[in-house]
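Everything below concerns the one structure shown next.
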Amino acid sequence: MSFDWAPPLIGATGPQLSARAPQTQPYRSDTVIDGWAAGGFEVRAASVRGPGHRASGVPRQDDFALATVGGAVIAVVADGVSNAPLSHLGATMVCRTVVDYLLRADGTVDWHDLLRCAGWALVEYAGRQLGDSDPQQAETLLASTVVVALVRPDGPGRAVAQLVRVGDSTAWRLRDGTWEPLFAALTDPQDELLPDGVAALPRVPAEVEPVEVAIAEGDVLVLATDGFAEPLGHGTGDLGRLFGDGLATPPAMTRLAWMLDFAGGAWDDDRTVLAVWPVSPELS
């Protein structure tokens with residue numbers, strides 16, 4: 001598929017609505033991109049406001065963060081829950097808290113404590129800014145899903161990733177154009193769900209076991225919010241092929257944002273994709 005400035009079309013298209021500026025404080029951009037090479041890794045990430053939020057003036061509620069520590073890559077993707085009015089701030093706080101925690105971690109990561117701290121950051125923000133440190137109030141205003149990966153080198157062109165999540169943000173190993181999901185379908189017990197059935201911070205599962213996966217050279221670790229995961233499905237349709245080809249090698253950051261700005265069908269949510277490639281050191 002050629003790279004021009006009209007967004008890729010995935011499925012049937014309806015009337016194109018004009019974009020409205022986000023009605024929010026503080027300022028929040030429509031689209032964010034990032035990418036770099038470090039050690040044995042290349043990374044790319046983009047977060048794009050979905051057509052629905054553009055048309056209604058709602059800010060982008062997704063966010064992501066990337067960092068390196070001790071030769072490893074920290075990758076975080078968060079999605080503010082749509083009916084929480086300050087969830088765009090919640091998603092940003094979750095990303096920053098996770099990165100700060102992992103930058104300070106020494107050796108083995110306590111994954112449950114990591115998620116607990118990310119959730120508590122929302123409660124503390126509600127207490128400082130809103131004068132109400134009730135966890136339920138923080139949940140109502142700031143709830144956010146999250147998926148976290150700590151990707152450690154495991155020899156030239158190889159890596160091992162540990163991942164945890166809360167909610168429906170998710171991850172895959174993309175290998176030879178095939179999308180291999182790294183998390184099972186959600187079956188969260190009711191006490192870990194918000195009233196609308198979405199699992200999100202500040203609620204934390206009673207038990208947290210990281211998923212571990214080997215990533216070889218030529219593989220791609222992909223993290224994303226449900227605004228990408230739902231239209232992707234099993235990865236066998238147009239979107240899966242577009243990104244399977246587009247992520248075969250690290251693309252230009254602007255190209256990733258262009259792919260992510262796909263239009264068509266009923267897919268109007270914000271969408272965020274973060275990708276990590278292990279590469280031989282001489283190529284990074």
Side-chain angles (χ1 to χ4, degrees), residues 1 3 6-14 31-33 35 43-54 60-64 75-82 91 144-149 151 161 163-188 197-200 211 213 215 218-251 253 255-277:
M1 189 175 290
F3 180 24
L9 299 180
I10 306 296
T13 59
T31 300
V32 179
I33 57 177
V43 298
R44 299 287 187 274
S47 183
V48 176
R49 190 162 59 131
H53 285 172
R54 283 176 176 161
R60 174 177 48 84
Q61 295 172 327
D62 286 3
D63 211 347
F64 68 83
V76 192
V77 166
D79 179 2
V81 173
S82 60
S144 176
T145 74
V146 69
V147 56
V148 183
V151 194
L163 301 98
V164 293
R165 72 168 176 175
V166 176
D168 53 9
S169 294
T170 191
W172 304 260
R173 179 173 62 183
L174 178 58
R175 172 175 284 179
D176 296 328
T178 299
W179 295 82
E180 304 173 9
L182 300 181
F183 292 98
L186 288 174
T187 57
D188 301 84
V198 177
V211 171
V213 60
I215 310 294
D219 295 343
V220 192
L221 178 67
V222 182
L223 281 60
T225 57
D226 67 333
F228 175 80
E230 289 187 4
L232 177 71
H234 297 296
T236 56
D238 290 343
L239 191 65
R241 288 188 290 272
L242 172 67
F243 275 82
D245 293 341
L247 299 181
T249 57
M253 288 181 282
R255 180 176 176 85
L256 176 58
W258 172 80
M259 292 191 298
L260 201 53
D261 200 20
F262 59 86
W267 316 117
D268 64 354
D269 197 4
D270 301 338
R271 60 286 299 262
T272 299
V273 165
L274 186 160
V276 181
W277 293 258

Next on the checklist: Assess the residue pair Leu256 and Phe243 against the criterion (side-chain contact (heavy atoms from CB on, under 4.5 Å)); give the C-alpha distance rounded to whole Å, side-chain angles, the decisive distance to 0.1 Å, and a yes or no.
Outcome noted: CA-CA 9 Å; Leu256 176 58; Phe243 275 82; 3.9 Å; yes
Checklist entry - Taking it one step at a time, do Arg175 and Asp219 satisfy salt bridge (charged side-chain N to carboxylate O under 4.0 Å, His left out)? => result CA-CA 5 Å; Arg175 172 175 284 179; Asp219 295 343; 2.7 Å; yes
Next on the checklist: Leu232 vs Trp172, test: side-chain contact (heavy atoms from CB on, under 4.5 Å). Steps then yes/no.
Outcome noted: CA-CA 11 Å; Leu232 177 71; Trp172 304 260; 3.5 Å; yes
Item to check | Chi angles and distances behind the side-chain contact (heavy atoms from CB on, under 4.5 Å) call for Val146, Arg165 | outcome: CA-CA 5 Å; Val146 69; Arg165 72 168 176 175; 5.8 Å; no
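Rounding to the nearest 0.5 angstrom, the gap separating the NE2 atom in His234 from the OG1 atom in Thr178 is 13.0 Å. With values rounded to the nearest 0.5 angstrom, Ile33 atom CD1 is found 14.5 Å from Trp258 atom CH2. The distance from the CD atom of Gln61 to the OG atom of Ser144 is 9.5 Å, given to the nearest 0.5 Å.
Distance alone, capped at 3.5 Å, is enough to place a donor-acceptor pair between the Arg44 side chain and the Pro251 backbone. The backbone N or O of Gly240 sits less than 3.5 Å from a side-chain atom of Trp179, completing a donor-acceptor pair. Of the possible donor and acceptor atoms, one in the side chain of Trp277 sits under 3.5 Å from a partner among the backbone N and O of Leu247.
For the pair Asp238 and Arg241, the minimum side-chain heavy-atom distance is below 4.5 Å. Arg60 is not listed as a side-chain neighbour of Val48, based on a closest heavy-atom distance of 4.5 Å or more. Side-chain atoms of Thr31 and Arg49, non-hydrogen and from C-beta on, never get closer than 4.5 Å to each other. Residues Ser47 and Phe64 have side chains in contact (heavy-atom distance under 4.5 Å, counting atoms from C-beta outward). Side-chain contact check for Trp267 versus Pro51: every heavy-atom pair is 4.5 Å or farther apart. Taking the side chain as every heavy atom from C-beta outward, Leu163 and Val213 approach each other to under 4.5 Å. Side chains of Thr170 and Leu223 form no contact here, defined as non-hydrogen atoms less than 4.5 Å apart. Side-chain contact between Leu239 and Phe228 is present, with heavy atoms from C-beta onward closer than 4.5 Å.
Between Ser169 and Thr145, the closest heavy-atom pair is OG-OG1, 2.8 Å. Here the shortest heavy-atom pairing between Val164 and Phe183 reads C-CZ, 4.0 Å. Heavy atoms only, all atoms of each residue included: Ala91 and Ala78 are closest at O-CB, 3.6 Å. Contact detail for Leu174 and Gly244: the closest heavy-atom pair is CD2-CA, 4.1 Å.
Screening Asp226, Asp79, Leu260 for a side-chain contact (heavy atoms from CB on, under 4.5 Å) involving Arg271 leaves a single residue, Leu260. Of the residues Asp269, Asp261, Asp270, the one that meets the salt bridge (Lys or Arg N to Asp or Glu O under 4.0 Å) test with Arg54 is Asp261.
Donor-acceptor pairing under 3.5 Å is recorded for the side chains of Thr225 and Asp62.
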